[in-house]
Amino acid sequence: MKRIGVFVCWCGSNIAGTVDVEKLSEEIGKMPNVAYSCNYKYTCSEPGQEMIKDAIKEHNLNRIVVAACSPRMHEPTFRKTLAGAGLNPYLLVMANLREQCSWVHHDEEKATEKSIALVRRAVQKAEFAVPLEPTTDSVTGRAMVVGAGIAGIQAALDLADSGHEVVVVEKEPTVGGRMAQLDKTFPTLDCSICILAPKMVDVSGHPNIKLYTNAEVDKLDGYVGNFTATIRKKARSVDEEECIGCGICWEKCPNSVPNKFDMGLGDRSAIYIPFPQAVPSVPVIDRDNCRYYETGKCGICQKLCPKDAVDFEQEDTFVEEEIGAVVVATGYDLYDPTRYPEYNYDKYEDIITGLHLERIMNASGPTDGKVKRPSDGKKPEHVTFIQCVGSRDSQKGHEYCSGVCCMYTAKHATYLKEHYDIDSSVFYMDVRAFKKGYEEFYRRTTDQFEADYLRGRVSRVYGEGDKLIVKGEDSMLGEQVTLETDMVVLATAVEAKPDARKVAQTMGVSYDESFFMTEAHPKLRPVETNAAGVFLAGACQGPKDIPETVAQASGAAAKAINLISKDEIENDPLIANCDTSRCSGCLRCIPVCPYSAVTEEEVTEWNHGEEVTRTAVNVNESLCAGCGTCSAACRSGAMNLRGFSNEQILAEVEAICL
Amino acid sequence: MTNLSAVKRKNQGFKEKIEAESGQSVTSCYQCGKCTGGCPLSFAMDYAPRQIVRMVQLNMKDRALNNSTIWLCATCSTCTARCPREVDLAAVMDTLRIEARHQGIKPKEKDVALFHDIFLNSVKKSGRVFEMGMTVAYNMKSGNLMQDAELGLPMFVKNKLNLTPDKIKGAKEVKKIFDKVKEIEKVEGGH
Amino acid sequence: MKYAYFPGCSLHSMAEEYNMATELVMEDLNVELREIPDWNCCGSTPAHTTSHLLPVALPARNLAIIEKEGLDVVAPCAACYNRFKAANKELNEDDDLKETVNEIIEMDYQANVEVLNLIEVFQNDDVMEILEEKVNVELKNIKPAVYYGCLLTRPPEVTEFDDAENPQSMDQIMEAIGAEPVEWTHKVECCGGSLVMARSEVVLKLSRDILKAAKQAGANCIVTACPLCHANLDMRQEQINKKFGDDFNMPIFYFTQLIGAALGHSKKNLGLKRHFIGSEGLLGSLVG
């Protein structure tokens, strides 16, 4: 006989403030199969859990309903409670009274009525709950890191140092990412490449790291603990094994194209390494701009290469890697300021972005670290910074704050004054300098380095003679102001990469409306995703500065290590199961399964004394993610999702609708 | 000094009224100043356009309705086109002018309001604007009798001045439109 | 091609030359304009600064007349165009307003009339083809600063026409007739508009800024599609010179006047002599 115990949680005033919990537990107590019903202020607390355990013993309960918050929050908690009382944890059913009732309704009477229906549903479901046992799977003790900017590098090194093999896949021909483009880092003004380069070298030399640059993940198959990644190694046109990075090829290449790494401010050859510290120090041919690929003639690099490493015929190749966990660290992009036509970014060469200025100030940049105007090569006497270009703008940009621009602008203004004696003005809306050492840095920018901070969003920038005119309001003054300046630097917003959505889909990770990948819980599971075994690091999850990125990367690595260090992992038993005796062999479940977990099989059975072989299906328990699509598609009722069986769902529908 | 609590008590509902009539969320404004930064008229105004929005946000009705800014706004909509919070400030300015009229507040830029009245009177009378008649009426009423007198002769010579109004057949219909609008808005605006 | 035509009050008085040139040019380009019968003033700026209903009702009466004829309407005056578009948008977004306004105008307007400014008529391959074919006067050394002002492009969600900060459509027409529009900074700045009556000194400053920017950019004339902008820049130029000690002598054209010139029409027929700032020196023998 089923003896169901129902525990209604107040969740402090979260539920009890809107729902009459007393009436609820009383009404539910009247249901014929409910042996015990009560309510309690904080059911998830230790005394709350003890209360459940005691009640199980005292009232001989064998099914438990907890009516509280979302099962995403506390289902694991209460399953443990049941196990502690000697019950199978899957005999628990939760009713979500908080997110699905009290938080979204105000009328107490109606909310109480709805909560009674919700709990009645849970009770009816519990009636059909059966004990379930999880199966186990082995775990591949290797990990893959996608993206080798500072986030990916940090995650890869942490993973590798823990003794696990790591596969690193980087889209660009070199590791380093955005941080390699930066000149200095705030708030310490460390040289960016100086602190990054050793880590880049470590990645390439680490015995546990297998590095693929100029490569992308095409496909990720499998499941937590046992993934197979298909990696496309894009043709580099240079044999990585043979090349010694001597540099003759790029020195002698006759073609010259704008250098993307320098934001188009300088030129590079068609066969190139992106920057001197590139890892690996192996060039790549930009086929769109190579004379050989354009005309079939030239081939100077090939002729001069002492190792015969240039290979014009090279094609993309594919490799497969087995891994147990994935860290996605694909980084960010910057907002395109041409979307602010009033700032005339595409009209005047001396209106640049912060990243342009990083390259200009960098010793290995297009001006060898001398600050010069792109238009005429003159040193600017005064530079104006405009904050929030594309940030905090629901009309033409992003609603969010990019979080890093206030500090990188302060860094720029400080450095311009300290090293070049260039004055600057900064138009800002709010200075957000809330991390360790940031406010102090900002104060030095204004006090010691005398940057003029003007509070207001610039309305327009245009040219007059060889000056740029910046027009805005100084809202402290309450007056429209104009400023004559020699160069304008736009602090452009951090945004998701153009292919972020595709990457997220490949990895099975969800993303938000701005195409940043979403974490499993904004506070409590910040590096995990809703795809088990896939973790996030860095700005692919949202705008971040370097300290935060590194911290998150180490967090993601720790989570991945935690997973791949296990010999085996438990599978969730809430997966599909086919009752082959009822299966008609229509095979409709096979194409609808997103995980390729259902396969056709032959079953042999006795029919009227005769042995008959016919078609049915089988579910691979490791691949099945328990989505239930197959059971919805099954016409004969043979396919059942454990924990959400057909009879349970019908009972729930009946409880709510009738 | 402004006692914001007292102002709020006194003018409860002012912000909501302006929001409803302009169809704009004044609340959304985060006071960045991009409107003022681009406003071609701000040099002549007593308050920055941004400050007018602030006054509405804080229910400072008296000041929001009694200033030169709302009258000097030329509704060029530069602010509207650039606002990062998607507030159509030009529409808010229209609403404030209309509200000031409803409240019987003497316009701080009386000539601007006078010009609008005379223009509309001209339309009400003949269905179209009679520029010559309007100019004469304006000069009389504003007391600037000789304003732009030097333009008169060349305009006349270049045939730029019609000496008689261009009265349309449906002038009566147009007058009726004015009357009906006045009737409806008297009822609606009177609260 | 056939459109309803709403000249507006200015084109029947101060800006008659805009009307003259427009009618000539449209005829050349096989665009038929049918002036709508018994039209009334759109209410311009004074209406919307005074009332919420009047600025919708006044255009609605005109639009209702046009709707009956089943045509789209062309409004060459930037102000009329803007008011028509704004009224249409409000009516389309608010059924209650539509009902009220229809009661006021005692007509049934369903807000289905498409409103075009005159530049939009040229955004048509057939029209441009005919134009390029028929141009017979080379507008050598005509370097206009093409001036759009406020009302053609703003607010963008009302006009939905060209780029609000850096419009190009009129420049492209100028290029098509052989003029060489300059790159300049004040394309969409405000001239002060109707404040000219009450606060003329404000308008003189703003109009001066525009003239100055045009001159600095190397323009030898300004081209516009707005009668009010034209009046402020042309008729007030002498006052500006006097007040600020400038020596501007910058002809201000309606864009259809320059097109008309390129198509071989005479100064007289294009109403060029109605301008305060003469264009003899600039157009010289180019135009008869």
Side-chain angles (χ1 to χ4, degrees), chain B residues 21 40-41 43-44 71-72 74-78 80-82 88 90 93-95 97-98 101 109 111-117 119-120 122-123 127-132 135 138 142 147-148 150-151 154-155 158-162 166 168-171 173-174 176-178 180-182 184-185, chain C residues 8-10 12-16 37-41 43-55 57-58 61 100 103-106 149-151 153-158 164-165 188-195 197-202 205-206 209 235-236 238-239 273-276:
Chain B
E21 288 186 11
L41 278 312
F43 74 95
W71 296 103
L72 288 177
T75 36
C76 74
S77 299
T78 305
T80 304
R82 293 179 186 162
D88 181 351
M93 291 293 182
D94 266 347
T95 301
R97 281 184 285 252
I98 294 167
R101 279 178 184 266
E109 293 284 332
D111 288 351
V112 175
L114 177 67
F115 169 72
H116 292 162
D117 288 341
F119 182 100
L120 292 175
S122 176
V123 178
R128 293 181 192 166
V129 173
F130 173 39
E131 283 162 356
M132 174 76 185
T135 309
Y138 174 80
S142 65
Q147 181 173 328
D148 293 332
E150 77 268 30
L151 296 180
M155 282 183 78
K158 290 181 181 291
N159 201 15
K160 283 215 162 209
L161 282 179
N162 288 357
D166 199 2
I168 67 168
K169 277 187 266 163
E173 293 167 31
V174 175
K176 213 164 162 191
I177 292 175
F178 276 86
K180 280 187 176 173
V181 165
K182 196 172 176 189
I184 294 171
E185 292 190 334
Chain C
C9 305
S10 296
H12 269 211
S13 54
M14 246 165 48
E16 207 177 322
D38 211 40
W39 54 266
N40 60 271
C41 170
S44 192
T45 304
H48 67 79
T49 60
T50 314
S51 157
H52 288 298
L53 278 175
L54 197 61
L58 288 174
R61 179 181 173 274
T100 310
E103 273 167 32
I104 291 171
I105 63 172
E106 296 179 5
C150 313
L151 298 171
T153 61
R154 285 191 304 257
E157 53 279 12
V158 168
E165 300 287 347
V188 294
E189 292 294 306
C190 176
C191 70
S194 63
L195 283 174
M197 295 294 280
R199 291 289 297 265
S200 60
E201 84 286 2
V202 167
K205 182 206 173 286
L206 296 175
D209 289 347
M235 279 166 41
R236 305 270 163 183
E238 213 28 64
Q239 291 181 346
K273 296 191 168 165
R274 292 167 53 86
H275 294 172
F276 276 42

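Here is how names work: the chains are called A, B, and so on, in the same order as the sequence lines, proteins then strands, and each is numbered from 1.
At a 4.5 Å heavy-atom cutoff, the contact between Thr100(C) and chain B is made by side-chain atoms alone. For Pro155(C), the parts sitting under 4.5 Å from any heavy atom of chain B are the backbone and the side chain alike. Both the backbone and the side chain of Ile104(C) come within less than 4.5 Å of a heavy atom of chain B. Proximity to chain B (any heavy atom under 4.5 Å) is shown, for Glu201(C), by neither the backbone nor the side chain. Looking at Arg199(C), the atoms closer than 4.5 Å to chain B (heavy atoms on both sides) all sit in the side chain, from C-beta outward. At a 4.5 Å heavy-atom cutoff, the contact between Leu54(C) and chain B is made by backbone and side-chain atoms alike.
Between chain C and the residues Ala171(B), Gly170(B), Ala44(B), the most heavy-atom pairs under 4.5 angstrom are made by Gly170(B). Between chain B and the options Lys273(C), Glu16(C), Glu189(C), Glu165(C), the largest number of non-hydrogen pairs under 4.5 Å is found for Glu165(C). Comparing Asn162(B), Val112(B), Leu41(B), Leu120(B) by how many heavy-atom pairs each has under 4.5 Å with chain C, the most go to Leu120(B). Considering only heavy-atom pairs separated by less than 4.5 Å from chain C, the leading option among Ala81(B), Cys76(B), Ala113(B), Gly127(B) is Cys76(B). Among Glu150(B), Met132(B), Met93(B), the residue making the largest number of heavy-atom pairs under 4.5 Å with chain C is Glu150(B). Residue with the most contacts toward chain B among Ser13(C), Cys190(C), Cys150(C): Ser13(C) (heavy-atom pairs, distance under 4.5 Å). Per-residue counts of heavy-atom pairs under 4.5 Å with chain C were compared for Ser142(B), Pro154(B), Ala90(B), Ser122(B); the largest is that of Pro154(B).
Using modelled atom types and a 3.5 Å distance limit, the side chains of Ser200(C) and Gln147(B) yield no donor-acceptor pair.
Taking the six-membered ring where the residue is Trp, Phe115(B) and Tyr138(B) present perpendicular rings, their angle passing 60° and hence far from 30°.
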Handout entry: Full working for side-chain contact (heavy atoms from CB on, under 4.5 Å) between Arg101(B) and Glu185(B)
Key = CA-CA 11 Å; Arg101(B) 279 178 184 266; Glu185(B) 292 190 334; over 6 Å; no
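Remark: side-chain polar atoms of Asp94(B) are not paired, donor with acceptor, to backbone N or O of Thr75(B) under 3.5 angstrom. Checking side-chain atoms of Arg61(C) against main-chain N and O of Ile177(B) turns up no donor-acceptor pair under 3.5 Å. Listed for the Ser51(C) side chain is no donor-acceptor partner under 3.5 Å among the backbone atoms of Ala47(C).
Proximity of Lys158(B) to Met235(C): side-chain heavy atoms (C-beta onward) are nowhere separated by under 4.5 Å.
Here Ser77(B) pairs with nothing under the side-chain hydrogen bond (donor to acceptor under 3.5 Å, both in side chains) rule; sequence neighbours left out. Asp148(B) meets the side chain to side chain contact (heavy atoms under 4.5 Å, CB included) test with Leu151(B), Arg236(C), Gln239(C); sequence neighbours excluded.
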